Amino acid sequence: MQLVVDSHTHTLASPDGFSTVDEMAAAAARAGLEGLAITDHAPELINWTPMLHFMGYGKLPRELSGVRMFYGVELNIMDFDGRVDMPEDILARQHVVIASFHTMCTKAGTCEENTRAYLRAMENPYVNIIGHPDDGFIPIDFDRFVRAAKENHVLIEVNNSSVRTVPYRLNTAENIREILRLCMRYETPVVVGTDAHHTSGVGQFGEALAALEDTGFPEELVANTSLEKYERLLEESRRA
């Protein structure tokens with residue numbers, strides 16, 4: 001399976017990013033990608049990236065180093081009602097919006113509370129993708145989660161950095177495989193992102209691809225196997 005868009009990356013505009021937009025685009029070109037999403041962290045994560053940053057994306061070219069660019073944000077889910085840390089008027093300007101649960105912003109609750117947080121975030125008409133939902137420290141009802149994503153036309157992320165079983169997350173490799181099996185059952189599309197914070201990670205999908213292969217996941221349910229499919233599914237998830 002060939003992936004042509006990296007749907008989740010960060011630049012040095014994020015508190016934990018180390019490369020510029022131009023450097024990330026050049027890395028995407030070297031990796032043979034057709035598209036790259038820049039999705040820096042929204043402001044409530046360590047109170048870092050200012051809102052003005054996300055208001056200024058219109059100043060950037062839509063093509064860099066021969067790569068189609070998508071400029072957006074990785075939101076923080078702020079409570080169990082799915083509230084996020086960016087107003088709708090700025091969300092409307094983004095090409096792609098990921099909503100993720102970061103325990104630095106919201107402490108994990110019960111399985112029911114965490115599941116409700118994700119499901120409510122999916123109801124936000126600007127949210128295209130739910131980021132790294134595989135962390136066992138944030139337990140959720142995977143069945144309800146996958147069915148709700150299908151109903152709301154929201155993509156579920158297979159996050160390569162998370163699947164590597166980073167020490168601050170729990171059972172990610174096992175959990176994403178369970179999620180993928182449910183996505184096959186309900187025909188819920190997914191999207192694969194590296195969550196790269198430096199040029200060295202752009203387009204490096206190895207662990208995520210292994211999870212897709214292990215579960216026999218069908219290519220037609222993977223959003224970023226073509227640029228056209230990725231753009232179409234983003235558009236379908238924009239419900240405002």
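Values below: all heavy atoms of this structure, side chains included; hydrogens, waters and symmetry mates excluded. Small disclaimer: the values here were computed from a predicted structure and weren't measured.
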ask   = Just wondering, do Phe54 and Leu91 contact through their side chains at under 4.5 Å, heavy atoms?
value = no
key: Flag, side chain of Asn160 to backbone of Ala208, donor-acceptor distance under 3.5 Å   = yes
ask   = Quick one: does Asp85's side chain get under 4.5 Å of Cys105's, heavy atoms only?
value = no
request  = Mind telling me whether Tyr118 and Phe101 have parallel, tilted or perpendicular rings, with 30° and 60° as the class edges?
outcome  = tilted
Side-chain heavy-atom pair Met51, Met86 within 4.5 angstrom cut-off = yes
query = Could you go step by step and tell me if His95 and Leu234 meet the side chain to side chain contact (heavy atoms under 4.5 Å, CB included) rule?
reply = CA-CA 8 Å; His95 299 139; Leu234 287 184; 5.8 Å; no
ask   = Cation over ring, Arg62 on Phe70, under 6.0 Å and within 45°?
value = yes
key: side chain to side chain donor-acceptor pair (under 3.5 Å) assessment of Ser162 paired with Arg169   = CA-CA 7 Å; Ser162 193; Arg169 293 182 185 147; 3.2 Å; yes
key: Residue that, paired with Met24, satisfies side-chain contact (heavy atoms from CB on, under 4.5 Å) out of Ile38, Leu64, Val67   = Ile38
Side-chain heavy-atom pair Phe145, Ile156 within 4.5 angstrom cut-off = yes
ask   = Would you say Asp79's side chain and Asp81's backbone share a donor-acceptor pair under 3.5 angstrom?
value = yes
query = Is there a side-chain contact between Ile179 and Pro133 (heavy atoms, below 4.5 Å)?
reply = yes
message = Tell me whether Glu23 contacts the main-chain N or O of Thr20 through its side chain, where contact means a donor paired with an acceptor under 3.5 Å.
response = yes
query = Between Asn114 (side chain) and Pro139 (backbone), is there a donor-acceptor pair under 3.5 Å?
reply = yes
task = Would you please indicate if the ring centroids of His132 and His102 are separated by under 6.0 Å?
result = yes
Lys/Arg N to Asp/Glu carboxylate O, Glu219 vs Lys229, below 4.0 Å = no
inquiry  = Main chain of Glu74, side chain of Thr39: is a donor-acceptor contact present, judged purely on distance under 3.5 Å?
reply    = no
message = Do Ile129 and Phe217 sit in one hydrophobic cluster, given that two such residues count as connected whenever their side-chain heavy atoms are within less than 4.5 Å of each other, even indirectly?
response = no
inquiry  = Are there over 12 heavy-atom neighbours, none belonging to Glu220, within less than 6.0 Å of that residue's CD?
reply    = yes
request  = Would you kindly say whether Asp134 and Thr172 are connected by a side-chain donor-acceptor distance under 3.5 Å?
outcome  = no
inquiry  = Does His8 form a side chain to side chain contact (heavy atoms under 4.5 Å, CB included) with His10? I'd like the steps, not just the answer.
reply    = CA-CA 7 Å; His8 183 165; His10 297 270; 3.1 Å; yes
